[in-house]
Structure formats: structure tokens, C-alpha cells
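All remarks here apply to the structure that follows.
Side chains included, hydrogens not; waters and symmetry mates left out as well; all remaining heavy atoms used. In listed order, ligands and their atoms are each counted from 1.
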Amino acid sequence: MSTPNNRRPDLSIDGSRLRRRFEELNEIGATDRGGVNRPALSDANKETRDTLVTWFCDAGLDVRIDEMGNIFARREGTDDRAPVLAGSHVDSQYNGGRYDGVVGVLGALEVVETLDDAGVETYRPVEVVVWTNEEGVRFQPDMLGSGVYTGQFDREYAYDRTDKSGDRFGDELERIGYRGETACVADDPYCYFELHVEQGPYLSERDLSVGVVEGVYGFSWLNARFTGAADHAGPTPMHLRTDALVATADVIQAVRRLTAATGTDLVGTVGSVDVSPNSINVIPEEVELTLDLRSYDNGTVDDAVEQIEREMAWAGEREGADWDLEEIMRVDAMPFDEDCTATVEAAAEAVGAEYMRMVSGAGHDANYLNEICPTSMIFVPSEGGVSHTEDEYTEWEDVVVGTDVLLQAMLAKSEER
Ligand code: HGY
Ligand code: MN
Ligand code: MN
């Protein structure tokens, strides 16, 4: 039974099949505390990819892997038009959560299998995608796979990125066997949907099942460094010291002051600090730190980056330390396509989900897809807003509802001429 624009409210995904796949996939790289450790291009990431390719092939999908290791799995339509694309990522934080990214990839596969079970033919092809290196924890910047696909970065820039042990992205991609033949160039999908956990507190605070995501924060990632003078922690008088870590502490406090003072939605994080020589009785000579600044307003991010530059100069001057600051990544805040977002909202209504419209504080591959095709996202709640930790958790019935919303949204768009 099809209604106009192919609404099939009678269709629903198979939550237990989805759960089996979710549990099986998350055995790979599982940590003792119930999380996962599957950084991009690691052996665990390879094993996850191999498992997904097997499932895609078993589902009769046409699988292709591009030069950045992005995996596309296509279900043909009755017409060979631009496909409805849906997916996410399966690389994780070092001790990350089981839902981040995985829900979007397995949800898209479940939609395809539900269509097959019901014998539903779609006008447009439907394609599942797994993006490479969304997290950016091992290789910065993040969202490299979707970034090359949408033209933000060129392939060689991505291949030359190295991790902290000096391993090169391109070599690691080759090593795990996912440096594909297909050119990593956007073939203009008709639209893109991404199902993802919210990773913030708003849905779980309001006891809602679904977020209809109408936009995403912009963010700046910066590498900063202070260079002081190593010396003996004992005989060196305080007035003769140039302590790189004291200057760093000033900037860390400044980030907190800045985000508290502006009265905007600005958030700021110093997530990693590397001290050298990092010895109990040596005055820190050099400190490398990272900064992550975000807002739904691009001007707010601009102002924050400028203020951090001033804070670096002031802290360096006070301590007599040299400093430098490099922006390694900048993604603009942006609204998603309103028609796509309205399609998600109509799907949430059709499914009878308790939902709200919202924006995403986390970055996603959808940021970049939104630059080349109509894009929107579907959130499901993160219990307590917790994410990027092993305690990340989403009630399974919320995953099922969110995947049903994805099904209805993809169906509706797959019928558009
Ligand atoms: O940083 C982010 O927002 C994403 O999880 N990569
Ligand atoms: Mn994610
Ligand atoms: Mn993440």
C-alpha cells in the first residue's frame, strides 16, 4: 500500500536484526569498560570494514570503495537517477562509545533490508555510505573521507597526514586494503541523510526519541605551542624561569573565561596537552596543546579564534615564552536543507515519534555533504548527553524509532522525480 510520495507507514524496520548486527559489530575493538577502540585505519577499523562489506554483499548491494576508503553500497532503483545517500562512520575515539557513527551505518543498511523484505522498489537508487576518518583522533583533521569526496581537501593532502607515531594516512589505507580504485569525487547524490546519536543532553532531558536536525555548529581546530626553557626544578629561582606549562595554564583558563563571558553558545575545549620533557624535576620546556572552538554562529567562532590569539600573546609575554598558533581545520556553521529537514520531520510525524527540531553541536560528515546536496540528520538521544566515552548509551527502542524515521525519510525522497 503506497500513499502519495510513497509514504509506507505500514513499513517498519526489524529492530532485532539491527540489534544483532549492532552487538556483533561492537565486539570488534571492544574495551573492558563497554566501549570501543577502533581508530581510523587501525586493524580493528579494518575488521569492522570487512564485516560491513560482507553484510553489504550478502544484502545484494553493489559495493565500491573509493581512493579514500569510503565504502558505498548501492541498491538499484527502477530508474538510474542520482541516489538517495545515507550513512555515517565506524571509526571511533580511542575509548569511545558503541553508538557514535555505528547507528547511522547500520540504520541505513537496515532500511535497505526492510525494503528488500517488503519487496519495495524505489524510483531512485538508495546508497549506504561509510565515511573514512570522521573522528579525526588519529589523523587530523576530522571528516577527511567526506572532506575529499566533497572537495574540501585534495587526496594527496589527506594521504600525507600523519598520526603521532608518524604513520602516514595513505600508507595505512593501503596496509588495511581500503585504498580503493574509484575516484573520490562527489557523484552528486540526490540528497543525504545521517542518523546519529545526539551526543548532547537535550533529547534525554526532555524524554524525546528523535531530534530533527536543522543545522550544525561551525568549529575551529587549532594547534598551539609554547616554547620556554628547560631547567632544574630545584636550584632555578622562580624569577629566572620560562615555564611553558604556566603559559599554557593561562590559556586554558582563558578558554573557560571566554566561553563563560560571551553569553553566546560558544563552547571551547583544550583536549590534549603534550608536555616535554614531561619530567617531575625539569621545568617544562615545550607544550603543545589543541583547541576546539564551536558555535552555531560563524562570527562567534571568528571572534573566539582572534581572542585566543591575543591570549596566547599575553601569556607568552608574561612568561617570556615563544608561542605559535595554527588553525588546522575550520568548518562553517550551516543550516541544513529545509526541504530535507521537513522530510525528516514528516517522517517523525508518520512514525509517531516524540521529537523536537534542534541543531548539532557535534560535527558530522553531513556538514560537508550539505555543501553539495540537500542534507539533514536524525538524532536519537544520548542518555545523560554522554558521548565520546565508553559510557555512551542510547535506549534501544529509541534506535529503532530513529531508524524507522530514516526509513520513511529515505522512502519519501527515493520517490521524488
Ligand atoms: O568532533 C566532532 O564533533 C566529531 O565527533 N568528529
Ligand atoms: Mn560521529
Ligand atoms: Mn564522534
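- When the shell of 6.0 Å around CZ of R256 is examined, it contains 12 or fewer heavy atoms from other residues, nucleotides or ligands.
- Remark: R81 is not positioned above the aromatic ring of Y123, lacking an NZ or CZ atom under 6.0 angstrom from the ring centre and at most 45 degrees off the axis.
- In the vicinity of D142, heavy-atom distances shorter than 4.0 Å reach the ligand 1 atoms 1 (O), 6 (N).
- Interface of A362 with ligand 1, defined as ligand atoms under 4.0 Å from a residue heavy atom, comprises 3 (O).
- Using a cut-off of 2.8 Å, one finds that H89 contributes no N/O/S atom close to the Mn ion (ligand 3).
- In E135, the N, O or S atom that comes nearest to the Mn ion (ligand 3) is OE2.
- When every heavy atom of D100 is checked against every heavy atom of S387, the shortest pair comes out as OD2-OG, 4.5 Å.
- Closest approach between the Mn ion (ligand 3) and any N/O/S atom of D100 involves OD2.
- Taking all heavy atoms of Q199, M329, R294, H364 into account, the minimum distance to atom 1 (O) of ligand 1 is reached by R294.
- Heavy-atom proximity to G363, at under 4.0 Å, picks out these atoms of ligand 1: 2 (C), 3 (O), 4 (C).
- Between F72 and Y149, the ring planes are tilted. Angles from 30° to 60° get that label.
- Using cut-offs of 30° and 60° on the angle between ring planes, the pair F22 and Y99 is tilted.
- Here the shortest heavy-atom pairing between I28 and R38 reads O-NH1, 3.0 Å.
- In terms of polar-atom proximity, defined here as any N/O pair under 3.5 Å, E135 does make such a contact with ligand 1.
- Residue side and main chain included, E134 places no N/O/S atom under 2.8 Å of the Mn ion (ligand 3).
- Other residues, nucleotides and ligands place no more than 12 heavy atoms under 6.0 Å from the CG atom of D32.
- Residue contact annotation: H364 places no N/O/S atom under 2.8 Å from the Mn ion (ligand 2).
- For ligand 1, the atoms sitting less than 4.0 Å from at least one non-hydrogen atom of H388 are 5 (O), numbered in the order shown with element in parentheses.
- Residues F169 and D160 are not in side-chain contact: their nearest non-hydrogen atoms beyond the backbone lie 4.5 Å or more apart.
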